Trainee: 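Mind looking over this structure? Questions follow.
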Amino acid sequence: MHDIRVIRDNPEEFDRLVALRDLAPQSVMILELDSENRALITRKEALLSARNNLSAKVAEVKRSGGDSAEIIAEVQQMKIEIAKLEAVQSAVAADLHDVLSGIPNLPDTSVPYGKDENDNRLIRDWGTLRTFSTLPKQHFELGEALGMMNFQWATQLAGARFNTLFGDLARLERAIGNFMVDLHIAKHGLTEVALPVLVNSTTMYNTGQLPKFSEDLYQVSDDYWLIPTAEVPLTNFGADRIFSSKELPIRLTAWTQCFRREAGAAGRDMRGMLRQHQFSKVEMVTIASPENSMDELERMTDCAENILKALEIPYRVMLLCSNDMGPGAVKTYDIEAWLPGQDTYREISSCSNCGAYQARRMAGRMKTDQGNVAIHTLNGSGMAVGRTLVAVMENHQQDDGSIAVPERLRPYMAGQECIG
RNA sequence: GGAUGGGUGGCUGAGUGGUUGAAAGCACCGGUCUUGAAAACCGGCAAGGGUGAAAGUUCUUCGUGGGUUCAAAUCCCACCCCAUCCGCCA
């Protein structure tokens, strides 16, 4: 949701930034709607004001025992006109709102222009890629050979894009999630939150999932939606609230199940557990004041990286180009873990500064000396638990098909050092 | 699911058709007093929008959406949510 005042103040700049998202200039059309809307508001309110005055006069006349029939007749006439104007004005306002909330967020100056993921920029990498004496296996090969990963049964239970884990692998996934949350609490100062995974339409709208991306979501009865990420409920902590600057930043984390229809991903990543309809993820959300949000993005990315460092998984950090970013983002870092079984890096975390985009949708504000301003919201995975399990398995696999448990996870596995 | 009672400003809470955008208290901010603090006293304090250089002025908002009326926090309808009891249940 864009701030119309920003567009009024500098329409050329708005069009220049919109172009980075490969959109045609919008400002002329928007400003036309805007001035039409304001003209209608002015006319409507003049009538409303006159009506209020006449109504007050009725009260006055009646108190002094006079006859108010004439005034009443006049106001009755007026009401017809007001209703007409109101209908026209609210339609124009709705159009304007739709346009402003439909345009994606504008990239930060540090974000490179680009068409797709091929234009993303490598920022840094970490860790050395292991050399294997034999060809490294993919996680599903390892898991199925261990008898601890059963996709066939998951298909029988639910369908494609689900999985089941058994024994030590099930426990390892749980260990990974617990480790992540504990690290965020103890070392990063985040506050853990337990959340609903079903939310209402307003909550989904606030973070930008609705109305445009409903095909990516599971909707259940009674107007509930399954969350595709804990970003949705966590970010809504700022909905309809006015924070004092002292309260910010607020840094939250939650480990939840996530549900995605993967509607546009037919045929992609069908083997294994990289892309599923249900997966668990530890999410980080920060509610920040505008002047701090870019620093908070660096901090959040660092929190995510610390997880992979602790688990001894090589990774690289990519700065997404303008058209690879999600619609809400001002700036996004993707963290990609090395998967030796696939011989490639795969996204395991995505940290975004959404600026005021979501905050304006949900009316999240902060008090300042110059009045209330929209807060900034940030979200990042810290990390996707299922994909981290995949990365642990592939990076710590041994020649015999067993998996070495990274040292930091052993306390969560009753000291166990090896699976299989 | 059934019954009852409720949803008013950051919070508590008055308010059943017209000087109520809303009493009072708390919180918060500024001031007086004080060596400093507290207390006391004085003053300020909702949000969003239109207009305006500004001061100001004006509109909207008392769970949400409709309706009645010249006029609605107040009356009517629907829905949502909360509390308590009953039923059911992890």
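As the structure is a prediction and not an experimental result, all values here were calculated from the model.
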Trainee: Between atom CG in A/Leu198 and atom C1' in B/C81, what is the gap in whole Å?
Mentor: 17 Å
Trainee: Can you tell me the distance, in whole Å, between the CG atom of A/Asn372 and the C1' atom of B/C28?
Mentor: 14 Å
Trainee: Quick test of your reading of the model: are A/Arg365 and A/Asp240 salt-bridged, counting only N-O distances below 4.0 Å?
Mentor: no
Trainee: Under 4.0 Å between a Lys/Arg side-chain N and an Asp/Glu carboxylate O for A/Arg275 and A/Glu262?
Mentor: yes
Trainee: Sticking with atom P, work out how far B/C45 lies from B/A55, rounded to a whole angstrom.
Mentor: 15 Å
Trainee: Okay, side chain of A/His184, backbone of A/Thr191: is any donor-acceptor separation there less than 3.5 Å?
Mentor: no
Trainee: May I ask which nucleotide in the shown strands pairs with B/A54, Watson-Crick or G-U wobble, both distances under 3.5 Å?
Mentor: none
Trainee: What's the closest nucleotide to the A/Asn52 side chain, out of B/G48, B/C59, B/G18?
Mentor: B/C59
Trainee: For B/C33 versus B/C28, give the span between their P atoms, rounded off to a whole number of Å.
Mentor: 22 Å
Trainee: Could you check A/Ile72 against A/Arg360 and say which one's nearest nucleotide on RNA chain B is further toward the 5' end?
Mentor: A/Arg360
Trainee: Atom CG of A/Asn37 and atom C1' of B/U60: how far apart are they, to the nearest Å?
Mentor: 14 Å
Trainee: Should the ring pair A/Phe237 and A/Phe243 be called parallel, tilted or perpendicular, given that the plane angle runs from 0 to 90° and is split at 30 and 60?
Mentor: tilted
Trainee: My understanding is that a pair needs two contacts under 3.5 Å, Watson-Crick or G-U wobble. By that rule, which nucleotide pairs with B/A23?
Mentor: none
Trainee: Which nucleotide in the list B/C70, B/G50, B/C59 gets nearest to the side chain of A/Ser55?
Mentor: B/C70
Trainee: Taking B/A14 as the reference, what is the distance to B/G63 when you measure between their P atoms (whole Å, please)?
Mentor: 15 Å
Trainee: Tell me which nucleotide among B/C59, B/G18, B/U51 gets nearest to the side chain of A/Ser49.
Mentor: B/C59
Trainee: Which of these nucleotides, B/G49, B/G50, B/U60, is closest to any side-chain atom of A/Arg51?
Mentor: B/U60
Trainee: Applying a 4.0 Å non-hydrogen cut-off, can you work out what A/Arg5 is touching in the nucleic acid: base, sugar-phosphate, or nothing?
Mentor: sugar-phosphate
Trainee: Does B/G10 have its OP1 or OP2 closer than 4.0 Å to a side-chain nitrogen or oxygen of A/Arg241?
Mentor: no
Trainee: Find the partner of B/C70: check Watson-Crick (N1-N3 plus N6-O4 or O6-N4) and G-U wobble (N1-O2, O6-N3) distances, both under 3.5 Å, and reply none if neither fits.
Mentor: B/G18
Trainee: What pair of heavy atoms forms the shortest contact from A/Met366 to A/Ile242, and how long is it?
Mentor: C-CG2, 4.5 Å
Trainee: Report the base-pairing partner of B/A83 (Watson-Crick or G-U wobble, both distances below 3.5 angstrom), or none.
Mentor: B/U4
Trainee: For A/Ile71, which contact category applies under a 4.0 Å heavy-atom criterion: base, sugar-phosphate, or nothing?
Mentor: nothing
Trainee: Pick the C1' atom in B/U8 and in B/A72, then give their distance to the nearest Å.
Mentor: 14 Å
Trainee: Using purine N1 to pyrimidine N3 plus N6-O4 or O6-N4 for Watson-Crick, or N1-O2 and O6-N3 for G-U wobble, both under 3.5 Å, which nucleotide pairs with B/C41?
Mentor: B/G31
Trainee: Quick one: does NZ or CZ of A/Arg410 land under 6.0 Å from the six-membered ring centre of A/Tyr412, within 45 degrees of the ring axis?
Mentor: no
Trainee: Which whole-number value in Å describes the distance from A/Met78 CE to B/C70 P?
Mentor: 14 Å
Trainee: How many Å lie between NZ on A/Lys44 and P on B/C59, as a whole number?
Mentor: 12 Å
Trainee: Say we look at B/A23 and B/G50: how far apart would their C1' atoms be, to the nearest angstrom?
Mentor: 30 Å
Trainee: Taking the C1' atom of each, how far is B/U16 from B/C75, in whole Å?
Mentor: 9 Å
Trainee: Please report the distance separating the C1' of B/C80 from the corresponding atom of B/G13, rounded so that it comes out in whole Å.
Mentor: 24 Å
Trainee: Donor-acceptor pair under 3.5 Å: do we get one between A/Glu45's side chain and the base of B/G49?
Mentor: yes
Trainee: By nearest heavy atom, map A/Lys367 and A/Lys79 onto RNA chain B; which one lands nearer the 5' end?
Mentor: A/Lys367
Trainee: Report the distance from atom CD1 of A/Ile41 to atom C1' of B/C59, rounded to the nearest whole Å.
Mentor: 9 Å
Trainee: Using whole Å, what does the distance between atom P of nucleotide B/C28 and atom CD of A/Glu247 come to?
Mentor: 14 Å
Trainee: In whole Å, measure the gap between the P atoms of B/G15 and B/G67 for me.
Mentor: 30 Å
Trainee: Expressed in angstrom and rounded to an integer, what is the separation of A/Gln89 atom CD from B/U60 atom C1'?
Mentor: 11 Å
Trainee: Could you please name the option among B/U60, B/U51, B/C70 that lies closest to any side-chain atom of A/Arg38?
Mentor: B/U51
Trainee: Which pairs would a plain distance check flag for residues 371-379 of chain A, meaning a side-chain donor or acceptor within less than 3.5 Å of a matching protein atom at least two apart in sequence or in another chain?
Mentor:
unit_1: A/His376; atom_1: ND1; unit_2: A/Ser293; atom_2: OG; d: 2.8
unit_1: A/Thr377; atom_1: OG1; unit_2: A/Gln358; atom_2: OE1; d: 2.6
unit_1: A/Asn379; atom_1: ND2; unit_2: A/Glu231; atom_2: OE2; d: 3.4

Trainee: Side-chain N or O of A/Arg8 versus OP1/OP2 of B/G50: is the shortest distance under 4.0 Å?
Mentor: yes
Trainee: Is any side-chain N of the basic residue among A/Glu60 and A/Lys57 closer than 4.0 Å to the acidic one's carboxylate O?
Mentor: no
Trainee: Both distances under 3.5 Å, Watson-Crick or G-U wobble: report the partner of B/U61, or none.
Mentor: B/A46
